[in-house]
**Q** 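Before I ask anything, let me first share the structure, which is written out below as structure tokens.
Numbering of residues begins at 1 and proceeds along the displayed sequence.
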Amino acid sequence: MNGEKRDNWSSGFGFVMSAAGSAIGLGNIWKFPYVCGMNGGAVFLSLYILFAVILGYPILLTELAIGRSGQMNAVDSCRKIHPKWGFAGGFGIIGSVAVLSYYSVVGGWVMRYAFSFISGNIPKADEFTLFASKTAEPILWQMGFIILTTAVIISGVSGGIEKVSSFLIPSLLIFLTAMMIYSCSLPDAVKGVRFFLIPDSSDKIRINALPMTAVRAMGQVFFSLSLGMGTLITYGSYLKKDFRLSRGTVSIIVIDTIIAVISGLIILPAVFSAGIAPDEGAGLIFSALTEVFGRLSAGRFLGSLFFILVFSAALTSSISLLEVIVSFLSEKTNLSRAYAALLASAVIFLFSVPASLSHGILSDVTIMGLTVFDFFIFLSDNIIMPLGAFFLCILAGHLWKNDMLYNELTSGNTVRFMAWKAYLCLIRYICPALIIIITTAAFIM
Ligand code: TRP
């Protein structure tokens with residue numbers, strides 16, 4: 001890599017779409033609605049938005065700045081700022097394995113649903129639990145998802161990520177908005193809208209659940225914005241010097257949050273309309289949407305389209321995750337990219353098998369009181385990503401010379417950065433403190 005000319009994003013729009021392509025995935029469409037449903041709806045949404053502003057914005061901006069200044073992979077970009085701090089960019093290597101181990105299970109579920117709709121067997125609402133608890137079938141689908149992710153990485157098509165994302169993200173936005181309008185017009189949908197947007201008085205009872213809700217909301221912000229694992233350092237390293245970092249950061253966060261909120265406004269009204277419990281858990285979108293599409297005459301077509309779009313969004317995220325491991329292995333060892341990809345995906349597959357089985361025959365096996373599937377979620381969202389982000393804040397806020405950081409953020413003093421003082425205060429003190437307090441709470445609770 002040294003000495004070779006590095007690729008650049010062809011335009012600022014292409015970069016924002018690609019970063020949004022990594023950020024937007026199962027985290028927005030599958031996870032956000034169900035975690036929100038399990039944690040009291042509106043209270044969770046409020047905390048989520050608060051954390052997206054005070055944690056998401058400064059940390060995402062920091063990752064992009066580190067990457068653009070370093071012009072190298074995540075570990076070496078951090079090392080350029082401080083020779084002993086390469087590890088701060090390395091959390092993605094273990095983190096990506098942890099995330100992909102359960103991401104591929106859900107990716108497999110999405111593929112199975114897309115296939116069912118296309119072939120005309122629209123599944124019933126209660127079929128999900130039965131399907132997920134099977135032994136062999138979900139594992140075959142998740143294997144399919146891992147194979148596709150690996151194939152994209154090996155064939156180098158991920159270079160086309162900018163083109164794919166520039167088409168996919170706007171399509172997703174249009175299609176999901178139309179679905180939201182439909183979903184909100186279903187009978188009793190208003191109950192779901194209220195649950196999602198308005199904290200009601202009975203939420204007072206949940207006040208003692210607040211620390212746990214905060215833990216989940218923070219983890220969801222990290223996960224949804226792809227933070228703490230060096231992904232955005234890598235993306236930032238392909239940015240041109242005149243790109244306005246702060247403005248780009250705001251756009252990525254706004255698009256990601258809009259897609260999450262729209263997904264909430266599709267799923268939760270449908271859940272209340274169908275009389276499903278909002279705290280059902282990981283199967284929520286599958287049960288709720290089969291119910292909705294099942295009622296429509298064009299349900300087969302719309303359901304197919306929906307699951308294909310979700311699958312594409314999941315794939316642009318999973319390749320960004322696998323790429324972290326593959327680029328590291330192929331730059332640091334003498335493995336070729338193809339071998340590195342095969343090795344990494346074999347390890348991921350091994351971990352993903354117990355994650356899948358924890359919905360069926362391994363449902364009694366727990367680690368720290370969590371099923372294997374939930375343990376991977378906890379490990380990545382509540383431990384690895386926050387810790388990675390914590391060290392990146394210390395690196396940029398305390399070890400990087402202030403004027404150099406300022407210089408990077410303002411493209412050499414050519415663009416204004418009005419939030420500089422607030423930003424510095426956030427990455428130096430507020431973000432690290434919040435991360436430590438909330439992560440500790442996750443263990444005590
Ligand atoms: N943000 C993605 C989602 O919401 C998942 C993801 C992709 C991710 N790349 C990441 C999460 C890097 C953490 C780090 O589905």
Side-chain angles (χ1 to χ4, degrees), residues 23-57 59 102 106 176 180 183-184 189-228 253-273 276-288 370 373-374 377-378 380-383 385-386 389 431 434-435 437-445:
I24 295 167
L26 296 173
N28 307 61
I29 305 169
W30 160 73
K31 196 146 159 238
F32 180 81
Y34 100 74
V35 182
C36 193
M38 286 178 87
N39 290 282
V43 180
F44 179 87
L45 176 67
S46 322
L47 282 171
Y48 180 87
I49 292 179
L50 175 73
F51 289 152
V53 176
I54 62 172
L55 290 168
Y57 169 78
I59 295 171
Y102 73 88
V106 186
L176 292 182
M180 169 184 79
S183 193
C184 288
V190 71
K191 286 190 197 152
V193 178
R194 217 178 279 141
F195 172 79
F196 186 47
L197 299 179
I198 308 168
D200 69 21
S201 52
S202 65
D203 283 336
K204 286 205 192 80
I205 310 165
R206 295 210 191 86
I207 213 87
N208 48 5
L210 206 59
M212 212 51 213
T213 310
V215 169
R216 302 247 165 78
M218 180 177 86
Q220 177 63 19
V221 166
F222 283 123
F223 180 74
S224 191
L225 292 170
S226 307
L227 298 178
I253 295 178
V254 168
I255 302 174
D256 189 74
T257 308
I258 288 179
I259 301 258
V261 171
I262 293 181
S263 303
L265 283 172
I266 294 174
I267 308 301
L268 293 166
V271 161
F272 278 80
S273 175
I276 301 171
D279 56 359
E280 178 190 300
L284 194 66
I285 77 161
F286 300 95
S287 324
L370 299 166
F373 184 87
D374 287 333
I377 299 187
F378 175 76
S380 55
D381 297 14
N382 296 110
I383 310 287
M385 293 179 209
C431 298
L434 260 181
I435 292 173
I437 294 169
I438 298 182
T439 307
T440 316
F443 276 96
I444 301 173
M445 303 300 290

**Q** So do the side chains of Leu284 and Met38 get within less than 4.5 Å of each other, counting heavy atoms only?
**A** no

**Q** Over 60° means perpendicular and under 30° means parallel, so classify the ring planes of Phe373 and Trp30, tilted if in between.
**A** perpendicular

**Q** Quick check against the 3.5 Å criterion: does Glu280 have a side-chain atom that pairs as donor or acceptor with the backbone of Ile285?
**A** no

**Q** Using a distance-only test with no angle check, is there a side-chain donor-acceptor pair under 3.5 angstrom linking Asp256 and Ser224?
**A** yes

**Q** Just verifying a value: how many Å separate Leu210 CG and Phe44 CZ, rounded to the nearest 0.5 Å?
**A** 12.0 Å

**Q** Using side-chain contact (heavy atoms from CB on, under 4.5 Å) as the criterion, list what pairs up with Ala189, not counting sequence neighbours.
**A** Leu186, Pro269

**Q** Are the side chains of Asn39 and Gln220 in touch, meaning some heavy atoms are under 4.5 Å apart?
**A** no

**Q** Which heavy atom of Ser380 sits nearest a heavy atom of Tyr102, and at what distance?
**A** OG-CE2, 3.7 Å

**Q** Hey, could you give me the CG/CG distance between Asp381 and Asp374, rounded to the nearest 0.5 Å?
**A** 10.5 Å

**Q** Are Val261 and Phe196 packed together at the side-chain level, in the sense that at least one heavy-atom pair is separated by less than 4.5 angstrom?
**A** yes

**Q** Mind checking the CG-CD1 spacing from Leu176 to Ile266? Nearest 0.5 Å is all I need.
**A** 4.5 Å

**Q** Measure the spacing between CZ of Phe223 and CE of Met385 and express it to the nearest 0.5 Å.
**A** 6.0 Å

**Q** Any side-chain to backbone donor/acceptor pair from Asn28 onto Ser263? Under 3.5 Å, distance only.
**A** no

**Q** Ignoring hydrogens, what is the shortest heavy-atom contact between Leu47 and Ala217? Give both atom names and the distance.
**A** CB-CB, 3.9 Å

**Q** Does the gap between the ring centers of Phe378 and Phe443 come in under 6.0 Å?
**A** yes

**Q** Measure the shortest side-chain to side-chain distance between Ile435 and Leu55 over non-hydrogen atoms and say whether it is less than 4.5 angstrom.
**A** yes

**Q** Do you know the tightest heavy-atom contact between Val221 and Ala52?
**A** CG2-N, 3.9 Å

**Q** Locate the shortest heavy-atom distance separating Asn382 from Thr439; write the atom from each residue and the value.
**A** O-CG2, 3.5 Å

**Q** So how far is it from Ile49 CD1 to Leu45 CG, rounded to the nearest 0.5 Å?
**A** 4.0 Å

**Q** Indicate the atoms forming the closest heavy-atom contact of Phe272 with Lys191, along with that distance.
**A** CD2-CB, 3.7 Å

**Q** Is any side-chain heavy atom of Ile438 closer than 4.5 Å to one of Phe51?
**A** yes

**Q** Which atom pair, heavy atoms only, marks the closest approach of Leu225 to Gly56?
**A** CD1-CA, 3.9 Å

**Q** Using 30° and 60° as the class limits, which term best fits the ring planes of Tyr48 and Phe32: parallel, tilted or perpendicular?
**A** perpendicular

**Q** Do Leu370 and Ile377 have side-chain heavy atoms sitting under 4.5 Å apart?
**A** no

**Q** First locate atom CD1 of Ile253, then atom CD1 of Ile59, and finally report the distance between them rounded to the nearest 0.5 Å.
**A** 9.5 Å

